[in-house]
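Note that the structure is predicted; figures quoted are calculated from it, not measured. Naming: A, B, ... by sequence-line order, numbering from 1 per chain.
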Amino acid sequence: MYVGEIEVRYDPKTIEARWQSIWERDGAFKASRDAQGAKYYVLEMFPYPSGKIHMGHVRNYSIGDVLARFLTMRGCNVLHPMGWDSFGLPAENAAIQHGIHPANWTRENITNMKTQLKRMGLGYDWDREVATCLPDYYKWNQWIFLKLFEKGMAYKKRSSVNWCPSCLTVLANEQVEDGLCWRCSTIVDAKELEQWFLKITAYADELLDCTYKLPGWPEKVLVMQRNWIGRSEGAEVSFKVDGTDEAIKIFTTRPDTLYGVTFMSLAASHPLLAKITTAERKADVEAFAAKVKADRRVNRGAGEEIKEGVFTGAYCINPLNGDRAPVYAANFVLMEYGTGAVMAVPAHDQRDFEFAKTYGLPVRVVINPPSQTFDTDAMECAYADEGVMVNSGRFNGMKNTDAMKGIVKLLEEKGVGKGSITYKLRDWGISRQRYWGCPIPIVYCQACGAVPVPYNDLPVVLPEDVSFTGKGLSPLVESPGFIGVKCPKCGSKARRETDTMDTFVDSSWYFLRYCSPMATGLPFDKKDAEYWMPVDQYVGGIEHAVMHLLYARFFTKALRDLGLHGFDEPFTNLLTQGMVCKETQKCPEHGFLFPEEAAGGKCGRCGHPVEAGAVEKMSKSKKNVVDPDKIIEKYGADTTRLFSLFAAPPEKDLDWSADGVEGSYRFLGRVWRLVNENLSAVKGVKAYDPRPGGVLSSDAQDIRRITHETIKKVTHDIEERFHFNTAISAIMELVNALYIFNPCRDGASPEDAGLRVFMESLNAVVALLTPFAPHIAEELWEKLGHTTALHKARWPVYDEAALKRDSVLVVVQINGKVRGKINVPPGSTEDAVRGMALGDEKVKEWTRDKTLKKFVYVPNKLVSMVVS
RNA sequence: GCGAGGGUGGCGGAACUGGCAGACGCGCCAGACUUAGGAUCUGGUGGGCAACCAUGGGGGUUCGAUUCCCCCCUCUCGCACCA
């Protein structure tokens with residue numbers, strides 16, 4: 001290489017510290033409404049301050065930072081904030097286990113993690129930092145709660161709730177996965193409790209409809225939300241219980257099959273069961289109910305069970321045809337959905353069919369397929385498709401789809417039913433029997449009942465003088481100073497609510513607080529919110545597809561209806577990044593091993609050869625984790641970021657590979673040397689400018705073309721596709737080409753056009769690298785003689801003229817096989833290309849003595865000939 | 001079972017609307033510089049001696065298919081008695 005340079009080693013540690021402090025000094029990432037350019041709000045899901053950042057964070061925040069830095073360089077007015085989802089169970093557990101107060105534990109973790117994020121070189125506007133555990137923030141949770149309470153959107157009810165016996169708290173339905181607690185995987189119990197609920201169901205339709213207006217979201221997430229909301233249209237029908245005043249209310253999506261009802265199924269926990277069961281059936285029904293309850297606990301999520309039931313002795317009357325149908329309790333009917341009772345139409349519902357076969361109940365066909373008549377005895381399964389109505393009174397002969405409306409109308413006329421819509425979505429239970437959360441601002445008074453804390457008294461601050469035993473109820477219950485309060489209404493002795501809010505409440509509006517973190521009169525300033533919102537690009541893990549993203553959407557709509565802002569949806573575009581995975585390592589003796597325990601392929605404890613396991617999501621339990629701190633320590637933040645972006649496209653899972661990190665480090669070293677080793681040669685050289693021009697050698701012309709092609713590709717890959725991996729590989733190719741080009745011969749004058757092209761290319765490499773590896777880019781930018789820092793510089797724009805080629809390579813296929821390649825001037829006519837193709841020596845060999853049957857020309861790309 | 005998304009070299013992954021399959025990186029091989037190099041630089045690297053064969057398997061459409069259509073296998077994720 002170039003002789004006479006003083007070798008300057010690539011030393012990420014020094015460079016990175018230096019630029020981080022310069023950025024801080026310059027306030028490089030401070031966002032302001034008054035700044036120039038179109039607003040762009042980039043947001044990554046804020047972390048829970050568990051102590052240390054992990055590779056998932058590194059990936060998440062690297063992706064966000066690429067976008068934020070790129071868009072800033074593109075001239076956008078970017079808001080890129082960060083904060084802490086800092087209420088939650090781990091802090092309380094730490095208090096119980098180590099005697100540290102949750103507030104202190106959380107504060108320390110935030111300090112540590114903030115340092116880590118800064119060391120990553122992430123460009124956040126820290127002036128907007130929010131921490132949900134601070135009274136400044138959670139005061140507004142309480143404020144919002146009171147507003148919702150006033151509107152009847154927050155209400156209290158006694159109901160069966162999901163209780164996690166390990167977390168000692170209630171869980172929302174969304175927080176129960178396969179019957180297990182989403183956090184600790186303990187089997188969830190049912191428990192009757194008085195709880196606060198938010199009426200998310202009031203927004204069920206809007207939440208559902210808007211999923212069709214979010215083209216920037218992954219279809220997968222939208223489908224999951226739609227399924228979760230689970231809207232079904234149908235009818236509610238009342239069936240009188242024969243000989244009593246009771247009526248069973250059912251929900252059905254198939255009112256057209258009403259004439260085919262041959263029995264009735266109630267959930268085993270249906271409240272009517274006790275009333276209608278006859279004396280002689282009582283013992284059986286109770287035993288059955290107990291069995292179902294026990295099975296649910298053991299078998300939840302286990303899939304299809306055998307359909308079982310027991311006769312109650314009661315009969316109900318079909319309101320349309322007066323038929324008497326036996327009432328059963330059945331294990332497949334869920335109390336939580338619809339009305340907990342199902343009319344059974346075995347001919348047209350598979351579950352009812354199986355049940356009827358088991359218990360010898362009649363099957364009555366009311367819909368025949370278009371050109372077929374069912375023989376009831378020969379049916380092997382239910383017929384759930386469309387057809388023609390039979391055995392259905394005045395509806396006979398109609399298409400069932402047409403009869404549907406008529407039957408609902410008839411029900412309404414008779415006053416025995418009505419059209420109805422049911423959702424799977426339940427109201428959101430937000431009460432948590434925990435200390436480390438936002439207090440619910442309610443006071444209980446003997447005389448006045450549940451009284452809201454006056455707005456002036458907000459925030460209801462969490463008391464610090466509590467003890468953490470891990471036993472019994474929430475520490476707040478034991479805090480007399482907190483509990484003892486006077487009724488805001490009548491002044492008599494009252495008791496404060498001791499439940500705190502689900503932490504998902506905190507994260508349902510934090511993106512709004514970022515817009516005006518200092519707002520004092522309201523949770524956020526309307527003008528600020530309407531300027532910055534909605535978030536243009538939200539980046540986070542797929543695990544929040546339903547819970548957080550649904551709650552945040554709900555809050556956005558609820559706050560809109562409180563008049564706080566005027567938009568409908570919080571997140572225009574959503575990017576769900578894949579998980580960070582790594583191969584597990586196992587010792588037959590000692591189980592899973594951390595990477596450092598498996599050094600040299602042997603178990604650190606017993607020396608047994610390590611067995612390689614599957615590639616799985618990084619987790620402490622599998623010990624296949626890599627500590628970002630150690631990677632940053634060894635290679636620097638730029639390498640760490642670069643690798644996490646290069647190894648896979650963002651939405652896919654990423655396989656962590658130590659060798660791959662090494663490769664990214666090597667590449668940055670290569671860029672470093674490319675600039676440094678040629679520094680004295682390019683000193684004072686002006687980047688090539690095509691206007692005054694200068695004659696370029698064909699090599700220089702090629703390099704210039706590659707440079708501008710790279711600018712075009714990298715821009716496109718970041719902007720349109722988020723394919724950072726291919727963007728980075730394009731930069732690598734340019735660097736490889738520049739190593740070969742190398743015009744820095746001794747004595748090349750600064751006016752040398754080749755040298756000026758080289759300078760232009762070096763500038764491009766460095767600028768293009770900025771979003772991925774910002775520190776090294778800034779350092780090299782400075783070394784190249786720029787006086788304006790890169791973070792204030794503009795993204796390079798490609799020169800259309802530079803992309804032009806003298807000739808293009810056209811592939812010649814003969815009978816579908818590549819037989820030759822020819823260079824033709826771009827834009828050649830088909831006739832000209834045909835002549836050149838047929839004149840090519842190799843092509844001649846393959847076409848000799850053959851006749852040309854077909855000739856296809858794809859301009860500037862390919863010729864395809866068929867010969868025989 | 002239903003829904004969604006995948007299956008491409010030894011590995012991670014490229015290939016925009018059908019147009020040279022394997023970019024880029026890792027690993028591996030060779031060479032250069034070196035006392036040495038796990039540093040760096042250069043070159044090579046799907047299989048096969050070849051014709052040819054290769055994008056999970058089998059059909060189809062097409063001049064041409066990783067890409068479009070049909071059938072099957074397989075993996076991952078989500079939902080799972082939703083009436």
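- Residue A:R226 places none of its side-chain N or O atoms closer than 4.0 Å to OP1 or OP2 of B:rC79.
- Across the strands present, B:rA21 finds no partner; the criterion is a Watson-Crick or G-U wobble pair with both atom distances under 3.5 angstrom.
- Comparing B:rU42 with B:rC49, their C1' atoms are spaced 29 Å from each other, to the whole Å.
- Residue side chain A:K853 does not reach the base of B:rC63 through any donor-acceptor N/O pair under 3.5 Å, judged by distance alone.
- At the heavy-atom level, A:N725 lies under 4.0 Å from the strands shown only through sugar-phosphate atoms.
- When atom types are taken as modelled, the side chain of A:D717 and the backbone of A:F724 share no donor-acceptor pair closer than 3.5 angstrom.
- Applying the 4.0 Å criterion to OP1 and OP2 of B:rA4, one finds that A:K220 has every side-chain N and O outside that range.
- The partner of B:rC26 is B:rG10, by the rule that a Watson-Crick or G-U pair needs both atom distances under 3.5 Å.
- Across the C1' atoms, B:rC24 and B:rG1 are found 42 Å apart, a figure rounded to whole Å.
- Residue A:E677 contributes atom CD, which lies 10 Å from atom P of B:rU42 at whole-angstrom precision.
- The phosphate of B:rU42 has OP1 or OP2 within less than 4.0 Å of a side-chain N or O from A:R670.
- For the OP1/OP2 pair of B:rA80 and a distance below 4.0 Å, the side-chain nitrogens and oxygens of A:K424 include at least one atom meeting the criterion.
- Spacing of C1' atoms, B:rC79 relative to B:rG10, comes out at 38 Å, to the nearest Å.
- Going from atom CD1 of A:I706 over to atom C1' of B:rC24 covers 14 Å, rounded to whole Å.
- Rounded to whole angstrom, the span from the CD1 atom of A:I731 across to the C1' atom of B:rA14 amounts to 16 Å.
- OP1 or OP2 of B:rG27 has at least one side-chain nitrogen or oxygen of A:R666 nearer than 4.0 Å.
- There is a side-chain donor-acceptor pair under 3.5 Å between A:S232 and A:Y337.
- Residues A:F263 and A:F355 bring their aromatic ring centres within 6.0 Å.
- Pair check for B:rG1 finds B:rC79; Watson-Crick or G-U wobble, both atom distances under 3.5 Å.
- Panel note: side chain A:E386, backbone A:N400; no donor-acceptor pair is recorded below 3.5 Å.
- Taking every side-chain heavy atom of A:Q813 into account, B:rG19 is the closest of B:rG19, B:rC82, B:rC24.
- Checking A:R805 against A:N860 by side-chain atom types alone, no donor-acceptor pair falls below 3.5 Å.
- For A:K817, taking side-chain heavy atoms from C-beta onward, the closest of the listed nucleotides B:rC81, B:rC53, B:rA83 is B:rC53.
- Between the P atoms of B:rG13 and B:rU62, the separation comes to 36 Å (whole Å).
- Look at CD on A:E651: it is 13 Å from C1' on B:rG13, rounded to the nearest Å.
- Ring planes of A:H548 and A:H544: perpendicular class, angle over 60° (limits at 30 and 60°).
- Minimum atom distance to the side chain of A:L809 is reached by B:rC20, of the listed B:rU42, B:rC82, B:rC20.
- Between the side chains of A:T584 and A:N624, not a single donor N or O lies within less than 3.5 Å of an accepting N or O.
- With B:rC20, B:rG19, B:rU42 as the candidates, the nucleotide lying closest to the side chain of A:K821 is B:rC20.
- Between B:rA80 and A:N227, no contact under 4.0 Å exists linking OP1 or OP2 to a side-chain N or O.
- Pairing for B:rU35 is absent, judged as Watson-Crick or G-U wobble with the two contacts each under 3.5 Å.
- Distance CG (A:D717) to C1' (B:rC24): 12 Å, rounded to an integer number of Å.
- Listed nucleotides: B:rA15, B:rA83, B:rC63. Nearest to the side chain of A:T726: B:rA15.
- Here B:rU62 presents its P atom at 9 Å from NZ of A:K854, a figure rounded to the nearest Å.
- Put simply, A:R231 has no side-chain N or O that comes within less than 4.0 Å of OP1 or OP2 on B:rC82.
- Remark: A:R721 is in phosphate contact with B:rA15, judged by side-chain N or O atoms under 4.0 Å from OP1 or OP2.
- Rounded to a whole angstrom, the distance from the C1' atom of B:rA14 to that of B:rU55 is 12 Å.
- Comparing A:Y337 and A:K652 against RNA chain B, the residue whose closest nucleotide sits nearer the 5' end is A:K652.
- With hydrogens and angles left out, the side-chain atoms of A:R226 and A:T211 include a donor and acceptor closer than 3.5 Å.
- Within 4.0 Å (heavy atoms only), A:V866 reaches sugar-phosphate atoms of the nucleic acid but no base atom.
- Out of B:rC63, B:rG13, B:rA83, the shortest distance to the side chain of A:V856 is found at B:rC63.
- For A:F251, taking side-chain heavy atoms from C-beta onward, the closest of the listed nucleotides B:rG78, B:rG12, B:rA83 is B:rA83.
- Mapping A:V223 and A:T253 onto RNA chain B via the closest heavy atom, the residue that lands nearer the 5' end is A:V223.
- Nucleic acid contact for A:N736: sugar-phosphate only, since backbone atoms but no base atoms lie under 4.0 Å from a heavy atom of the residue.
- Taking atom OH on A:Y10 and atom P on B:rA39, their separation rounds to 17 Å, with Å as the unit.
- A donor-acceptor pair shorter than 3.5 Å cannot be found between the side chains of A:E709 and A:Y798.
- Base orientation at B:rG9 is syn, since its O4'-C1' glycosidic dihedral falls within 90° of 0.
- Taking the side chain of A:I740 as heavy atoms from C-beta on, and the options B:rC20, B:rU42, B:rC24, the nearest nucleotide is B:rU42.
- With 3.5 Å as the limit, one finds no donor-acceptor pair spanning the side chains of A:Y259 and A:N318.
- Separation of the C1' atoms belonging to B:rC53 and B:rG22 is 15 Å when rounded to the nearest angstrom.
- Using a 4.0 Å heavy-atom distance criterion, A:G663 is classed as a sugar-phosphate-only contact.
- For A:F646, whose side chain is taken as the heavy atoms from C-beta onward, the closest listed nucleotide among B:rG13, B:rC24, B:rC20 is B:rC24.
- At whole-Å resolution of the value, CD in A:E662 and C1' in B:rC28 are 16 Å apart.
- Separating the C1' atom of B:rG9 from that of B:rG18 is a span of 23 Å, rounded to the nearest Å.
- As rounded to the nearest Å, B:rC68 and B:rC77 have P atoms that lie 25 Å from one another.
- Here A:T252 lies in heavy-atom contact (under 4.0 Å) with sugar-phosphate atoms only.
- Contacts of A:D653 with the nucleic acid, taken as non-hydrogen atoms under 4.0 Å apart, involve only primed sugar atoms and P, OP1 or OP2.
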